[in-house]
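Keep in mind the model is a prediction, meaning the values are calculated, not measured. We count ligands from 1, going down the list as the structure has it; atoms in each ligand are counted the same way.
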Amino acid sequence: MEITITIQTQVKQGSIDMDIISFFPSWILPTTLLLFFTSIFMYALGRRSSSFKLPPGPKRLPIIGNLHQVLGKEGVHQTLWNLSKTYGPALLLHFGAQPFLVISSSEMATEVLKTHDEKLCTRPYSKATKLLSFNYMDVAFAPHNDHWRDMRKVLVSEFLGAKRIRLYKNVMEIEMEALIRSISSHSLNTTVNLEDIILSLVYDVVGKVAFGNSYRGKTFNGRTLKDIVEEAQVMGGASFSFIFPTFGWILDELTGWNRRLQKCYTDFDGFLQMILDDHLYQNDTKTSGHVNDFVDDCMSRLTTEEMKALVMNVLEGAVDTSTITMVWAMSELVKNPRVMQKLQNEIRRCVGRKSKVDESDITKMSYLKMVVKETLRLHPPAAFLMGRECVSQCQIGGYDVLPGMKVMVTAWGLGRDPRIWKENAAEFYPERFENIKPDIGGKNFEMIPFGGGRRACPGNNMATSTVEFTISNLLYFFNWETPAGLKKEDLDMKENGFPFLRRTTPLCLVPTKHNWED
Ligand code: HEM
């Protein structure tokens with residue numbers, strides 16, 4: 001009481017008695033000043049953001065924001081789609097302290113991916129993506145800058161260019177023949193796990209083209225490349241420090257997330273270093289018939305970190321996405337025998353009685369192309385495009401989007417929107433593409449499995465030809481049934497997962513060799 005009175009007296013008199021100040025611990029004054037200025041700043045910020053027309057969204061709780069409304073059983077893609085029906089196709093949510101704009105209509109996707117692409121085309125920063133992309137030396141996670149542009153050019157010319165595509169097709173043919181032989185060797189009525197065999201096929205092909213070997217069976221710290229890539233996908237998702245930038249790192253430390261991330265990085269780095277070391281060694285021992293792979297051709301012009309980052313993008317970008325698409329295509333075909341029969345008739349008619357399916361046969365298969373489009377419409381492997389972040393203020397749908405806001409565009413929702421796809425939007429009906437010709441490479445925005453704008457997927461042509469080639473082979477040589485006791489119409493089609501929407505149960509089917517005499 002006495003002290004308070006003294007301070008008031010002194011302040012009134014316009015001078016502060018140093019004896020009284022020294023009575024308090026030394027941290028009190030700076031802390032009080034900090035709190036005072038922070039409150040003023042927060043108040044000013046609140047007033048500032050209230051002067052913007054922000055997109056609507058559900059009320060949020062202190063600290064966690066809208067997290068409790070999103071982490072439900074039905075999957076984030078479905079929950080956000082449901083919320084967009086209440087609040088509209090531009091929806092503002094807060095995950096912890098981070099504001100997220102969720103886009104759920106073709107019109108607004110056009111504004112994000114085309115009209116304001118330049119202002120919304122950087123990727124959000126996170127500790128995990130920074131570490132696993134070797135300090136943003138890659139294409140997919142890198143911020144929008146000159147380095148990203150240069151690396152994207154290297155990827156497009158060296159991995160997706162004509163020379164490598166020729167190699168890719170040769171390797172694919174060889175691996176496909178091996179796969180057909182392996183399935184044919186199964187005894188009658190044996191069930192196969194299609195996801196397993198397709199994933200191994202894609203790993204083998206991509207591995208051989210990218211770094212000359214599938215590296216199947218090799219491990220680093222006891223982990224295969226597949227284990228490491230899967231772990232990297234999990235770690236690339238959100239962490240506490242991403243949604244709570246000020247204190248989340250404590251939770252990441254306490255939950256062991258930081259240690260797990262570091263181990264994932266160490267294993268990824270170690271495995272990729274093993275691949276690069278093998279190439280350095282081979283440089284001295286190359287024979288005259290050696291065909292250069294992607295690493296051979298890029299190693300001398302990229303730094304070690306850039307090389308590792310690009311290989312990481314190829315593994316994470318190409319393998320799971322293509323596999324998931326093929327597994328969903330086979331699921332839908334088995335569940336819809338009419339479509340399966342029509343497609344098999346087309347494939348067998350175009351190929352004729354031969355020992356293999358040629359690329360020139362596939363160019364004649366128009367129904368196959370519709371089936372692949374229909375699969376990507378209903379089951380885009382990435383339910384949301386890769387995250388984007390606003391770098392410069394703009395308006396989407398008449399609402400203000402502020403720098404720092406993260407943007408999520410739902411590819412899954414657009415593919416199922418009845419306003420675009422009419423009343424049979426949820427049905428697997430490839431014939432719809434007889435009249436509608438969407439450009440799924442990301443120029444039109446009715447369906448966007450490969451995204452759009454500057455950050456659109458550069459691998460869309462390679463991906464679609466991989467899917468077309470694999471499906472046409474699987475359906476040319478075999479007929480596919482559900483295992484005994486499971487009716488086709490009862491096949492489980494539940495989907496879940498992040499960043500990729502997979503089947504929740506494995507797709508196990510029984511192949512029988514096609515008999516031309518039947
Ligand atoms: C069915 C297969 C595939 C699907 C559905 C798919 C889908 C996507 C999507 C949705 C994006 C984000 C686009 C955006 O933010 O607007 C993306 C980006 C990317 N994809 Fe694919 N992808 C597939 C295959 C491939 C293949 C074969 C490669 C080959 C290397 C690849 C490499 C990449 C890269 C590097 C990016 C980042 C582009 C950037 O940020 O500039 N993808 N992909």
Side-chain angles (χ1 to χ4, degrees), residues 77 103 109-110 112-114 116-117 120-124 129 133 136-145 147-161 164-165 168 172 198 202-203 205-207 209-211 229 233 236 294 298 309-329 372-373 375-389 406-412 414-415 440-443 445 447-471 499-502:
H77 62 292
I103 296 294
T110 309
V112 171
L113 303 172
K114 196 169 172 181
H116 297 298
D117 185 32
L120 300 167
C121 71
T122 204
R123 301 280 190 217
T129 57
S133 65
Y136 292 131
M137 289 294 112
D138 73 328
V139 179
F141 299 107
H144 181 241
N145 58 22
H147 188 263
W148 161 79
R149 211 166 281 117
D150 292 345
M151 294 302 277
R152 192 170 157 118
K153 273 189 205 145
V154 174
L155 185 73
V156 168
S157 64
E158 293 299 335
F159 189 73
L160 301 163
R164 200 80 51 208
I165 294 290
Y168 188 89
M172 187 74 181
I198 295 177
V202 183
Y203 254 109
V205 176
V206 170
V209 175
F211 34 79
V229 171
Q233 281 168 3
F294 174 58
C298 297
L310 275 196
V311 172
M312 180 278 281
N313 275 184
V314 166
L315 288 169
E316 287 208 15
V319 179
D320 274 306
T321 48
S322 310
T323 304
I324 291 169
T325 307
M326 292 188 252
V327 171
W328 279 119
V372 174
K373 272 190 194 152
T375 305
L376 286 165
R377 176 183 75 84
L378 280 177
H379 305 285
F384 293 95
L385 305 186
M386 291 182 69
R388 286 158 180 255
E389 186 173 311
K406 318 285 180 275
V407 184
M408 295 169 79
V409 184
T410 170
W412 182 87
L414 261 59
I440 56 171
K443 291 200 181 68
F445 300 96
M447 56 184 277
I448 46 169
F450 296 104
R454 287 168 176 72
R455 303 304 293 246
C457 176
N460 65 346
N461 288 335
M462 176 184 267
T464 15
S465 56
T466 303
V467 175
E468 288 172 2
F469 186 71
T470 309
I471 298 292
F500 299 129
L501 265 191
R502 301 164 191 273

Polar proximity ligand 1 side, Arg455 side, N/O cut 3.5 Å exclusive: yes

Top protein contact for atom 7 (C) of ligand 1, by heavy-atom distance: Pro449 O, 3.4 Å

Asn313, any N or O under 3.5 Å of ligand 1 N or O: no

Which residue and heavy atom of the protein sit nearest atom 35 (C) of ligand 1, plus the separation: Leu155 CD2, 3.5 Å

Under-2.8 Å neighbours of atom 21 (Fe) of ligand 1, protein N/O/S atoms only: 1

With sequence neighbours excluded, residues passing salt bridge (charged side-chain N to carboxylate O under 4.0 Å, His left out) with Lys373: none

Salt bridge Arg502-Asp320, side-chain N to carboxylate O under 4.0 Å: yes

Test item: Leu501 and Ile324 side chains (from C-beta on) under 4.5 Å apart, heavy atoms: no

Verdict with reasoning, Val209 to Phe294, per side-chain contact (heavy atoms from CB on, under 4.5 Å): CA-CA 6 Å; Val209 175; Phe294 174 58; 5.6 Å; no

Check: Thr466/Tyr168 side-chain N/O donor and acceptor closer than 3.5 Å: yes

Side-chain heavy-atom pair Asp117, Arg454 within 4.5 angstrom cut-off: yes

Contact check, Phe141 vs ligand 1, heavy-atom distance below 4.0 Å: no

Ligand 1 to Arg123 polar contact by distance, N or O atoms, under 3.5 Å: yes

Partner residues of Thr325 under the side-chain hydrogen bond (donor to acceptor under 3.5 Å, both in side chains) criterion, sequence neighbours left out: none

Partners passing side-chain hydrogen bond (donor to acceptor under 3.5 Å, both in side chains) against Thr129 (at least two apart in sequence or in another chain): Ser126, Tyr136

Nearest-contact summary for atom 16 (O) of ligand 1 - protein heavy atom, Å: Arg388 NH2, 2.9 Å

Nearest candidate to atom 30 (C) of ligand 1, where distance is taken over non-hydrogen atoms, out of Phe159, Tyr168, Phe294: Phe159

Whether Trp328 and His379 hold their rings parallel, tilted or perpendicular, with breakpoints at 30° and 60°: parallel

Donor-acceptor contact below 3.5 Å, side chain Thr122 vs main chain Glu389: no

Protein residue, atom and distance nearest to atom 41 (O) of ligand 1, heavy-atom basis: Arg152 NH1, 2.8 Å

Gly452 N/O to ligand 1 N/O under 3.5 Å: yes

Atom indices of ligand 1 within 4.0 angstrom of Pro381 heavy atoms, with elements: 5 (C)

Atoms of ligand 1, numbered as shown, that sit under 4.0 Å from any heavy atom of Thr325: 1 (C)

Arg123 and Asp138 ion-paired at < 4.0 Å: no

Audit row: Asn461, Leu160, side-chain contact (heavy atoms from CB on, under 4.5 Å) steps and yes/no: CA-CA 9 Å; Asn461 288 335; Leu160 301 163; over 6 Å; no

